[in-house]
Amino acid sequence: MEIQEILASQKAFFNSNATKSIDFRIAQLTKIKKVLKDNEALLYKAIYDDFGKSEFETYLTELSLLYHEINNSIDNIEKWSKRKKVSTGFVNFPAKSYIIPEPLGSTLIIGAWNYPYQLSLVPAITSLAAGNTVILKPSELPARTSAVMAKLINENFASEYFCVVEGGIEETTELLNQKFDKIFFTGSTTVGKIVYQAAAKHLTPVTLELGGKSPTFVLADTDIKMTAKRIVWAKFLNAGQTCIAPDYILVDKAIESRFLQALKEEIKANYKEKDVKAENYLQIINSKNFDRLIKLLDSNKIYHGGTTNEVERFISPTIMHNITFEDEVMEDEIFGPLLPVLSFTNLDEAIKKVKSRPKPLSCYIYTKSSKSADKLLSEISFGGGAVNDSLMHLSNSKLPFGGVGGSGIGNYHGKAGFDSFTHFKSILDKSFLLEPSIKYAPYSDMKKKIIKWFLE
Ligand code: NAD
């Protein structure tokens, strides 16, 4: 079916009011969960064939988040969709005031490739929970993963309600030419700008989940071993192809050599320095990204790692040292398993450097001092992050997830996601009992005096 036809049918279906029923929404979410559960083997195989992602990592970083989002939505839909009473104030007495959460209508979700299931299906689930229809366009780069989502969704759901359209730039451009009621995009800042411009033509609201270079501060008073352990896990999960991965480290010069040593030991304990597909380590998604990453590998600055294999698209977990903000690896988001370590002697100078760059999606702060943590939290603007951990803030659906400035617009996960696909309709509901004449003509000084007396 043509894109225009699918969208027209979705608009008609939405206008039938079918998606407004809470029972309908819960039934659909329950069905999505069943379809995913029944087909886990297909989902695991597709993503392994695309870029070597293991069952364990796929469950941990993709499927478990989908199940959590479905369960959490089912448990809370009723509460989140309820009209909420607010106070009215004497100006409108006697009346009541309330806010009605209502679905926006037809929504478009555009996914990124790096966590292909999670980044496509979490927003889709959220939008459906909020009572919308969905056209989902997953990233075309992991081709088998995109195909398996299209198969499972399109075979089990009517296209007038929930439909996957596969494709790349051409198909996305055609989708962006249509008038949706909401666009939710995950991807690069460059394409985010294209999406925003297309949405502006129709005044369509957007959520943009973009990228950026996420700094990680390691202060002298930290627990060095534990810090290295948490950073190594967070950086090399998904072979560094994570939007909120620690992009680079800023470590206090006083502990730099001990910290570098701890990073190396942690990598050695967890990963093999071998150029083969391993159960707990991924490939780079494609040759284009492999070549881009290889160019950033300055052999004079490799502290540990640096093993590569073009055929397998393998780059071993790599630590780079003696790095400055002028190095090439510090220009753009790395999005791969290279970890540059920069040292500082003056924290304020380091903060200044970070603040001179675009606002990052995440920031991580390792210190035992809550005073130091608070200083960094209050001085640097970023999407979200963690103190003494990395990445794990994403696992708490009570924390809205999203960027700020160059790293994005809007939030999702849990209630924040539901709200981002919802319009809040404000209603003043008045009684016929009374109608004071004070606001009506003829106006007089006395009426003005009374109004001023009340309002000032
Ligand atoms: P991308 O911007 O290249 O692609 C994202 C989507 O846009 C894909 O579906 C793609 O088909 C489509 N697209 C690509 N070029 C297009 C064009 N010219 N016109 C219209 N559509 C186009 O991003 P990516 O490579 O898939 O993902 C990597 C980026 O995404 C990184 O910057 C990363 O930080 C970011 N990211 C952000 C989050 C987040 O939650 N904030 C999550 C994952 C990835």
Side-chain angles (χ1 to χ4, degrees), residues 3 50-51 61-62 65 69 108-124 126 135-143 145-146 149-150 164-178 183-199 201 206-214 235 237-247 284-290 292-293 331-336 358-363 382-385 391 393-395 397 399-413 416-417 420:
I3 283 170
D50 274 331
F51 58 128
T61 66
E62 310 252 7
L65 292 164
E69 202 66 40
L108 170 65
I109 314 249
I110 303 171
W113 60 263
N114 56 324
Y115 289 85
Y117 297 135
Q118 189 222 124
L119 297 175
S120 294
L121 292 171
V122 168
T126 313
I135 293 182
L136 167 62
K137 209 299 289 175
S139 168
E140 71 282 19
L141 295 193
T145 318
S146 170
M149 280 190 278
V164 173
V165 172
E166 288 191 273
I169 296 179
E170 193 188 322
E171 291 77 5
T172 317
T173 305
E174 197 186 338
L175 283 163
L176 288 171
N177 284 334
Q178 314 303 316
I183 299 174
F184 188 107
F185 170 81
T186 305
S188 60
T189 303
T190 309
V191 180
K193 288 177 187 169
I194 296 173
V195 171
Y196 205 9
Q197 276 172 359
K201 286 198 187 118
V206 292
T207 297
L208 301 177
E209 298 284 344
L210 311 177
K213 274 184 103 57
S214 299
K235 177 70 188 188
L237 183 82
N238 225 42
Q241 302 166 109
T242 302
C243 56
I244 51 169
D247 187 274
I284 304 305
I285 184 70
N286 59 14
S287 306
K288 192 174 156 206
N289 274 285
F290 179 85
R292 178 183 63 78
L293 287 162
E331 275 171 26
D332 295 318
E333 182 183 4
I334 296 169
F335 224 56
K359 294 179 181 179
L361 183 55
S362 292
C363 177
F382 56 93
L391 240 64
H393 60 298
L394 176 136
S395 65
S397 62
L399 292 174
F401 181 86
V404 58
S407 55
I409 297 174
N411 295 293
Y412 74 133
H413 289 177
S420 80

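Note that ligands are numbered from 1 as they come in the structure, with each ligand's atoms numbered from 1 the same way.
At a 4.0 Å heavy-atom cut-off, ligand 1 does not touch Y115 at all. If you look at T190 next to ligand 1, there are no close heavy atoms at all, none under 4.0 Å. Residue contacts with ligand 1, taken as heavy atom pairs separated by less than 4.0 Å, do not involve V195 at all. Here L141 has no heavy atoms under 4.0 Å from ligand 1, in either its backbone or its side chain.
For F185 and Y196, the ring centers are positioned 6.0 Å apart or more.
Closest approach of V164 and M149 over heavy atoms only: CG2-O, 3.9 Å. The two residues Y117 and E62 have their closest heavy-atom pair at N-OE1, 2.9 Å. When every heavy atom of S407 is checked against every heavy atom of P360, the shortest pair comes out as OG-O, 3.2 Å. Considering every non-hydrogen atom in both R292 and I334, the closest pair reads NH1-O, 2.9 Å.
When only interatomic distances are considered, the shortest N/O to N/O separation between W113 and ligand 1 falls below 3.5 Å. The distance criterion of under 3.5 Å between nitrogen or oxygen atoms is not met by T186 with respect to ligand 1. For ligand 1, none of its N or O atoms has an N or O atom of T173 under 3.5 Å away. Ligand 1 has an N or O atom lying under 3.5 Å from an N or O atom of L210, backbone or side chain. On a distance-only criterion, L119 and ligand 1 share no N/O pair closer than 3.5 Å. By the 3.5 Å distance cut-off applied to N or O atoms, N114 is not counted among the residues near ligand 1.
Under the 3.5 Å distance criterion, the side-chain polar atoms of Q241 are left unmatched by any main-chain donor or acceptor of G336. Side-chain atoms of T186 do not come within 3.5 Å of backbone N or O of G111 as any donor-acceptor pair. Looking only at distances, a side-chain donor or acceptor of K213 sits under 3.5 Å from a matching main-chain atom of D332. Side-chain atoms of S120 come within 3.5 Å of backbone atoms of P116 as a donor-acceptor pair (strictly under, hydrogens ignored).
If you check which protein heavy atom lies closest to atom 18 (N) of ligand 1, you get I194 CD1, 3.6 Å. Protein heavy atom at the shortest distance from atom 31 (C) of ligand 1 is E333 OE1, 3.5 Å. Here the heavy atom of the protein found nearest to atom 36 (N) of ligand 1 is C243 CB, 3.4 Å. In this structure, the protein non-hydrogen atom closest to atom 9 (O) of ligand 1 is G111 O, 2.8 Å. Counting only heavy atoms of the protein, atom 21 (N) of ligand 1 lies nearest to T172 CG2, 3.3 Å.
Side chains of S146 and E166: a donor on one and an acceptor on the other come within 3.5 Å. Side-chain contact, T242 with Y115: a donor N or O sits under 3.5 Å from an acceptor N or O. In this structure, a donor-acceptor pair under 3.5 Å is present between the side chains of D50 and T145.
Taking each of G187, G168, G211 in turn, the one with a heavy atom nearest to atom 29 (C) of ligand 1 proves to be G187. When Y412, F185, F335 are checked for heavy-atom proximity to atom 33 (C) of ligand 1, F335 turns out nearest. Considering only non-hydrogen atoms, atom 10 (C) of ligand 1 lies nearest to E140 out of E140, H413, K213.
For ligand 1, the atoms sitting less than 4.0 Å from at least one non-hydrogen atom of L361 are 41 (N), numbered in the order shown with element in parentheses. Interface of E209 with ligand 1, defined as ligand atoms under 4.0 Å from a residue heavy atom, comprises 37 (C), 38 (C), 39 (C), 40 (O), 41 (N). Per-residue contacts place S139 under 4.0 angstrom from the following atoms of ligand 1 (heavy atoms of the residue considered): 9 (O).
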